[in-house]
Protein chains: 2
Amino acid sequence: MKKKATLADVAAAAGVSKMTASRALRGVRDVSKANIARVRQAAQELGYVGNFLAASLSSQRSDLIGVVVPNLANIVFAQVLSGISEGIAGSGMQPVFGVTDYDPDKEYDIIRNMLSWQPAGLIVTGLDLPEATRRLLENAEIPVVQIMDIDGEPVDACVGFSHIRAGEEIAQALIAAGLRKFGYAGCALTMDVRAAKRRIGFQRALIQNGLDFVEEVEAFELSSIGAGRLLTEQLLKKAPDVDCIYFSNDDVAAGGLFYCLEAGIAVPGKVALAGFNGLSIASGFPGRIATVRTPRREIGRKAAEIICSALDGKPAGGEAIELTPEVDLGLIGARKG
Amino acid sequence: MKKKATLADVAAAAGVSKMTASRALRGVRDVSKANIARVRQAAQELGYVGNFLAASLSSQRSDLIGVVVPNLANIVFAQVLSGISEGIAGSGMQPVFGVTDYDPDKEYDIIRNMLSWQPAGLIVTGLDLPEATRRLLENAEIPVVQIMDIDGEPVDACVGFSHIRAGEEIAQALIAAGLRKFGYAGCALTMDVRAAKRRIGFQRALIQNGLDFVEEVEAFELSSIGAGRLLTEQLLKKAPDVDCIYFSNDDVAAGGLFYCLEAGIAVPGKVALAGFNGLSIASGFPGRIATVRTPRREIGRKAAEIICSALDGKPAGGEAIELTPEVDLGLIGARKG
DNA sequence: GTGAAAGCGCTAACAA
DNA sequence: TTGTTAGCGCTTTCAC
């Protein structure tokens, strides 16, 4: 096995033209059964693999779908990716991932890079893109789906939910449950625009009810359980009388729960904890953390479907799909009862 | 902005030939400052993005590195990916991920698909590949690094550690700490070959010490905290007198810990728990779970580096890099003390 | 049902 | 330093 076999080699071995070989391999109709068999056989024997570079260049389209996410350490995005896998299943598309680490410059580079592979479509996390990045997408002339958020103007289509409203809704539910002294603990709010939106929505609901955060603490690192532990310790030191802590997400909230459990602070008896995302980590302690459950898989699936159907000629344009997350107070409902 | 601008358009706009434009854009030396500026300017104005398909086809090489992992829900692989990102930083390579869901057929398809993009190299999880997949890699004529495992024969290079030994070592440490009645709780052992290897190593050490598992339980779903909870409950019902449970990994062990905490079972006082991977989720309860800490980031980084240096002419062939994981008994050491 | 010619957009190699 | 000539391996188009 010296030089890699090309289509020409396969064709020669099968005794047909390149075109017939190409058609046979791609399963295009109008090829005789006999030739299909012959070509398949030859390809098999030569260990022919094909060259998508050449195929895509020639046909002016690729089967790649570019997916840009901020972070993979957060399982949420891993789940979105799962959803995308589901959504493109059977379509013959192949996802290509890029991770931005919440860095706008990196994001720009990654998107640019992806575009140069001529993907069939792009799925990008978030609505708040820098001007240059946005222009890049606008000029790309391929379906672009922005996911996770709908509080803003999408370039093309978007699938997600309102983070502002998610914050408001859980705040209202917590207030209705009788909680009054709220603390906030968050990670990397300048980077994580959506977490910041939730905080704003939450605070807005507080203010509407004549309340506000009693105390806020923030870490500048990315979300983690460890950070949640520390933030909670800090917050409770500064404001021991809070009866509820709102965290930027469930990872951080889980850290808070772990801290409280070990410090012997009853949750939600003494202090209620609320996060965002309905993660499995929180499900390790069913009901202990109030959360907003988000349809991550479904977002991925829908986004993939939009792209696939846009490729089937349907004009994806402007579609904005709002999915509704679900507030789950867990044990807090029973707390005052 | 109608048709996407090509190199020819940029060249025309800058008043130079395609080649000069190409060189200027790629930063190849031997282009006059004036022309570089002119070309850059023209590219900018036209919103030129380039076409890697054409570039790679023409130059017969791409900057893609294919990465095949079984699963993204498990943070371990997300961390490996981080390491890979680190390892290729500055090399201009771009990773492309594929997720197999532990399905060998899917794995074959993904690898085949990746090869047809003519990647510069491939990073594949695991050593135990089906014959056909193995042949595919052998014939690919690009550097292939298999990661996470070294108990077996790599196609080309490999970076990882011995799972059998990891199982043995933690078993020995636990025995030395005075534990005697071992239970086993695992998920998806037929799919997760490496977890199965750890179990074998663990059991081997038990037998060498005249012991064996008192009881074993298995779930056929993928690892999760929820599964760990259930398995632990089952196991402790069947064999209430075990003094140590070995789990297939830290996710499952964390579920076990959560179960015990809520059931009021002292950990590690009444029952010791041991897992694998040193995950941050376990770090929510420092020391509660004995674990084997593995250098996941480093595996990713090393793998990426091997590929990069192989591309610089160094023959990667046959390299097998063994990294050593580290047994951490956590609080168990103090338990009997 | 099959094949020949003409590129896709770019770069390697050589010439000027 | 710059430009010209040939492809890279495949698919599209159109003729047979």
Side-chain angles (χ1 to χ4, degrees), chain A residues 3-40 42-43 46-64 92 113 115-120 140-142, chain B residues 3-40 42-43 46-64 92 113 115-120 140-142:
Chain A
K3 294 204 68 30
K4 286 225 285 280
T6 73
L7 183 61
D9 300 327
V10 175
V16 298
S17 73
K18 275 180 9 175
M19 268 325 296
T20 303
S22 168
R23 289 196 264 250
L25 256 16
R26 281 179 299 154
V28 177
R29 26 175 278 297
D30 285 346
V31 182
S32 66
K33 299 257 181 225
N35 275 340
I36 290 183
R38 230 178 266 137
V39 170
R40 289 257 161 86
L46 293 173
Y48 174 69
V49 169
N51 185 332
F52 280 12
L53 255 35
S56 305
L57 178 60
S58 177
S59 63
Q60 303 279 62
R61 52 198 191 66
S62 83
D63 296 335
L64 294 177
N113 196 296
L115 287 176
S116 60
W117 288 104
Q118 318 286 108
E141 299 182 316
I142 54 172
Chain B
K3 290 205 71 33
K4 285 225 285 280
T6 72
L7 184 62
D9 300 327
V10 175
V16 298
S17 73
K18 278 185 358 179
M19 264 326 290
T20 303
S22 168
R23 290 196 264 247
L25 257 14
R26 281 180 298 155
V28 176
R29 26 175 279 294
D30 286 347
V31 183
S32 67
K33 299 256 181 226
N35 274 339
I36 291 182
R38 231 177 264 136
V39 170
R40 289 256 163 87
L46 293 172
Y48 174 69
V49 168
N51 185 331
F52 281 10
L53 256 35
S56 305
L57 178 59
S58 177
S59 63
Q60 301 279 63
R61 53 200 192 66
S62 84
D63 295 334
L64 294 177
N113 196 295
L115 287 177
S116 62
W117 289 102
Q118 317 289 111
E141 298 182 318
I142 54 173

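In what follows, chains carry the letters A, B, and so on, assigned in the order in which the sequence lines appear, proteins first and then strands, with residues in each chain numbered from 1.
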Could you list the residues that satisfy side chain to side chain contact (heavy atoms under 4.5 Å, CB included) with [X], not counting sequence neighbours?
| X | result |
| --- | --- |
| A/Ala8 | A/Thr6, A/Lys18 |
| B/Arg40 | B/Ile36 |
| A/Ala13 | A/Ala42, A/Leu46 |

Please find the pair of heavy atoms, one from [X] and one from [Y], that lie closest to each other, and give the distance.
| X | Y | value |
| --- | --- | --- |
| A/Lys4 | A/Asp9 | O-OD2, 4.0 Å |
| B/Leu115 | B/Pro119 | O-CD, 3.6 Å |
| A/Ser116 | A/Asn113 | OG-O, 2.6 Å |

Enumerate the side-chain hydrogen bond (donor to acceptor under 3.5 Å, both in side chains) contacts for residues 54-64 of chain A, please, sequence neighbours excluded, ordered by first and then second residue.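 Counting only pairs at least two positions apart or across chains, no side-chain hydrogen bond (donor to acceptor under 3.5 Å, both in side chains) contact touches residues 54-64 of chain A.
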
Chain A vs DNA chain C, heavy-atom contacts under 4.0 Å, first-to-last nucleotide span, 5' to 3', is C/dG1 to C/dG9

- Check against side chain to side chain contact (heavy atoms under 4.5 Å, CB included), B/Leu25 and B/Leu7: CA-CA 9 Å; B/Leu25 257 14; B/Leu7 184 62; 3.9 Å; yes

Numerically ordered, the residues 23-33 of chain A set in heavy-atom contact under 4.0 Å with DNA chain C is A/Arg23, A/Asp30, A/Val31, A/Ser32

With the threshold set at under 4.0 Å for non-hydrogen atoms, list the residues of residues 50-61 of chain A touching DNA chain C in residue-number order.
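Hits under 4.0 Å, by residue number: A/Leu57, A/Ser58, A/Gln60.
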
query: Should B/Trp117 and B/Leu53 be marked as a side chain to side chain contact (heavy atoms under 4.5 Å, CB included) after you check the CA-CA gap, both sets of side-chain angles, and the distance that decides it?
result: CA-CA 9 Å; B/Trp117 289 102; B/Leu53 256 35; 3.9 Å; yes

request  = Five pairs at each end of the helix from C/dG1-D/dC16 to C/dA16-D/dT1: take the axis at both ends and give me the angle between them to 10°.
outcome  =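 End-to-end axis angle for the helix from C/dG1-D/dC16 to C/dA16-D/dT1: 30°, rounded to 10°.
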
At a 4.0 Å cut-off to heavy atoms of chain B, the contacted part of DNA chain D spans D/dT1 to D/dG9

Exercise. Toward the 5' end of DNA chain C, which comes first, B/Val49 or A/Lys18, by nearest nucleotide?
Worked result: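 Final value for this comparison: A/Lys18.
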
Q | Contact list for DNA chain D against residues 5-16 of chain B - heavy-atom distance below 4.0 Å | A |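 Within this stretch, B/Val16 sit under 4.0 Å of the strand.
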
Residue set satisfying side chain to side chain donor-acceptor pair (under 3.5 Å) with B/Arg38, at least two apart, ordered chain then number -> B/Asn35

Problem - Partner set under side chain to side chain donor-acceptor pair (under 3.5 Å) for B/Arg26, not counting sequence neighbours - result: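 Partners of B/Arg26 under the side chain to side chain donor-acceptor pair (under 3.5 Å) test: B/Ser22.
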
